[in-house]
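Single-structure report; data block below.
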There are 2 protein chains.
Amino acid sequence: MSDLLERLRGRGWRLTSQRRVVAEVLDGDHVHLTADEVHARAVARLPEISRATVYNTLGELVGLGEVLEVATDGRAKRYDPNAHRAHQHLVCSGCGAIRDVHPHGDPLAALPADERFGFTVTAAEITYRGLCPDCTGQA
Amino acid sequence: MSDLLERLRGRGWRLTSQRRVVAEVLDGDHVHLTADEVHARAVARLPEISRATVYNTLGELVGLGEVLEVATDGRAKRYDPNAHRAHQHLVCSGCGAIRDVHPHGDPLAALPADERFGFTVTAAEITYRGLCPDCTGQA
DNA sequence: ATCCTAACTTGGACTTTGTCCAAGTCAATA
DNA sequence: TATTGACTTGGACAAAGTCCAAGTTAGGAT
Ligand SMILES: [Mn+2]
Ligand SMILES: [Mn+2]
Ligand SMILES: [Zn+2]
Ligand SMILES: [Zn+2]
């Protein structure tokens, strides 16, 4: 993730303390934070950072393909820095926990041509749902 | 969908004009309306129906398994009356159009045991993304 | 080292989507 | 047709996100 800052500089970004902090917060490969969670953690390091800047920066990172937007429920979007290895998500219906998972095969291949209705289909996102070990116990 | 009203009566529902109208609006198998779209169409038939009742009724139908909630973007949830035949969704990234699709194979089968992290996995939702015929033209 | 300025950040107003509640209405049973 | 608990209503409230005018600053130019 530290080379993320390099890549951004290469793209002509001004390296502000705000952007640095957002990048730090997103560090790690199994992180799926909401914008407000990113903001809360950013504030811990840089108390005056605003919500607007967090939203702006996340949006820019998504636009550059450095971060993925994940909408597994109808609630707040989650921001996923693991943008460079294709993966899917396993979500606990009890507590909302999210894990990265790697199903085998190409999910696109399962959609036959006569089910594509003339669309140019470019991606398939799979959300697996179930109960995590903790939530399986207390029904 | 007219037997939906029968099923609901069987479950002890009061058959109010509001619920009847919401059921009528949801009639059809390839409909994916937002709550506000349902409300707008319901108002056309029953001008005094409230947003709260539309939300209540949709929530109840989802709870009964008669309607599915679909969250394909980070925007408003869509309500899908096609709850009795398993299917997935193909979404146009340009205009948001949604089609029901039926990929072959069991999507759950693609997730190996060592990628389940102790979860009891019960469902897999696939969102295929691409451009519809109309949007493929004007880049 | 200092200046300059387009790019960036900020707080708050605003929008969209959805929830909640107290008060009023009505469907269904008797 | 009387009763009553289920249902509906409007509006207040909340969560998630967008937008903007005004202020600040990173980084190139001097
Ligand atoms: Mn992920
Ligand atoms: Mn559908
Ligand atoms: Zn859980
Ligand atoms: Zn389209």
Side-chain angles (χ1 to χ4, degrees), chain A residues 5-25 32-43 45-64 66-80 96 98, chain B residues 4-25 32-43 45-64 66-80 96:
Chain A
L5 291 175
E6 292 309 312
R7 285 202 296 281
L8 294 177
R9 179 147 39 201
R11 297 201 193 231
W13 269 35
R14 280 210 199 154
L15 272 229
T16 65
S17 50
Q18 291 85 350
R19 286 172 168 176
R20 228 183 302 265
V21 163
V22 170
E24 283 173 27
V25 167
H32 302 91
L33 300 172
T34 65
D36 273 345
E37 288 165 351
V38 172
H39 181 238
R41 296 186 187 199
V43 162
R45 298 164 184 247
L46 186 67
E48 67 275 22
I49 191 173
S50 71
R51 263 178 17 105
T53 292
V54 170
Y55 274 104
N56 287 344
T57 304
L58 290 173
E60 290 156 351
L61 291 169
V62 169
L64 293 176
E66 298 287 354
V67 165
L68 300 175
E69 258 176 359
V70 181
T72 51
D73 50 3
R75 311 292 310 284
K77 288 178 199 159
R78 298 188 166 269
Y79 292 88
D80 185 344
I98 302 183
Chain B
L4 169 57
L5 291 175
E6 291 310 311
R7 285 203 295 281
L8 295 176
R9 179 148 40 202
R11 297 201 193 232
W13 270 34
R14 281 213 200 152
L15 264 249
T16 65
S17 51
Q18 290 85 351
R19 285 172 169 176
R20 228 182 302 265
V21 162
V22 169
E24 282 173 28
V25 166
H32 303 89
L33 300 171
T34 65
D36 273 344
E37 287 165 351
V38 171
H39 181 237
R41 296 186 187 201
V43 162
R45 297 164 184 248
L46 185 66
E48 66 275 22
I49 191 174
S50 71
R51 264 180 13 107
T53 292
V54 170
Y55 273 103
N56 287 343
T57 305
L58 289 173
E60 290 157 349
L61 290 170
V62 169
L64 293 176
E66 298 285 355
V67 166
L68 300 176
E69 258 177 359
V70 181
T72 51
D73 51 4
R75 311 293 310 283
K77 288 178 199 159
R78 296 185 168 272
Y79 292 87
D80 185 344

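So you know, we letter chains A, B, ... as the sequences are listed, proteins then strands, and number each from 1. Just so we're clear, the structure is a prediction, and the values are computed from it rather than from any experiment.
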Hey, does the side-chain of B:Arg14 have a donor or acceptor N/O within less than 3.5 Å of a partner on the base of C:dA28? no
Heavy-atom closest pair (B:Val25 atom, B:Ala42 atom, distance to 0.1 Å) is CG2-N, 3.8 Å
Can you tell me how far P of D:dG27 sits from CZ of A:Arg9, to the nearest Å? 7 Å
Does a side-chain N or O from A:Gln18 land closer than 4.0 Å to OP1 or OP2 of C:dT10, or not? yes
Which heavy atom of A:His39 sits nearest a heavy atom of A:Ile49, and at what distance? NE2-O, 3.1 Å
Side chains of A:Glu69 and A:Tyr79 in contact at under 4.5 Å (non-hydrogen atoms): yes
For the pair made of NE2 in B:His39 and P in C:dT16, what is the distance, rounded to whole Å? 16 Å
Round to a whole Å and report the spacing from CZ of B:Arg19 to P of C:dA28. 10 Å
A:Thr34 and A:Glu37: which non-hydrogen atoms are nearest, and at how many Å? N-OE1, 2.9 Å
For B:His32 and B:Arg78, which heavy atoms make the closest approach, and how far apart are they? O-NH1, 2.6 Å
Whole-Å gap separating P (C:dC26) and CD1 (B:Ile49): 14 Å
Do any side-chain nitrogens or oxygens of B:Thr16 fall under 4.0 Å of OP1 or OP2 in D:dT8? yes
Could you tell me the separation between the CD atom of B:Glu37 and the P atom of C:dT17, rounded to a whole number of Å? 9 Å
Rounding to an integer number of Å, can you tell me how far B:Glu48 CD sits from C:dG24 P? 18 Å
I need the minimum non-hydrogen distance between B:Asp73 and A:Ala71, along with the two atoms involved. O-CB, 4.1 Å
Tell me: CG of B:Leu8 to P of C:dA27, nearest whole Å? 16 Å
With a 4.5 Å cut-off on side-chain heavy atoms, are A:Glu66 and A:Arg11 touching? yes
Can you pull every protein N or O that's under 3.5 Å from an N or O on nucleotides 18-21 of chain C?
{"unit_1": "C:dG18", "atom_1": "OP1", "unit_2": "B:Lys77", "atom_2": "N", "d": "2.9"}
{"unit_1": "C:dG18", "atom_1": "OP2", "unit_2": "B:Tyr55", "atom_2": "OH", "d": "3.1"}
{"unit_1": "C:dG18", "atom_1": "N7", "unit_2": "B:Arg51", "atom_2": "NH2", "d": "3.0"}

With a 4.0 Å limit, can you tell me whether A:Thr53 has a side-chain N or O closer than that to the phosphate oxygens OP1/OP2 of C:dT10? yes
Report the distance from atom CG of A:Leu5 to atom P of D:dA26, rounded to the nearest whole Å. 15 Å
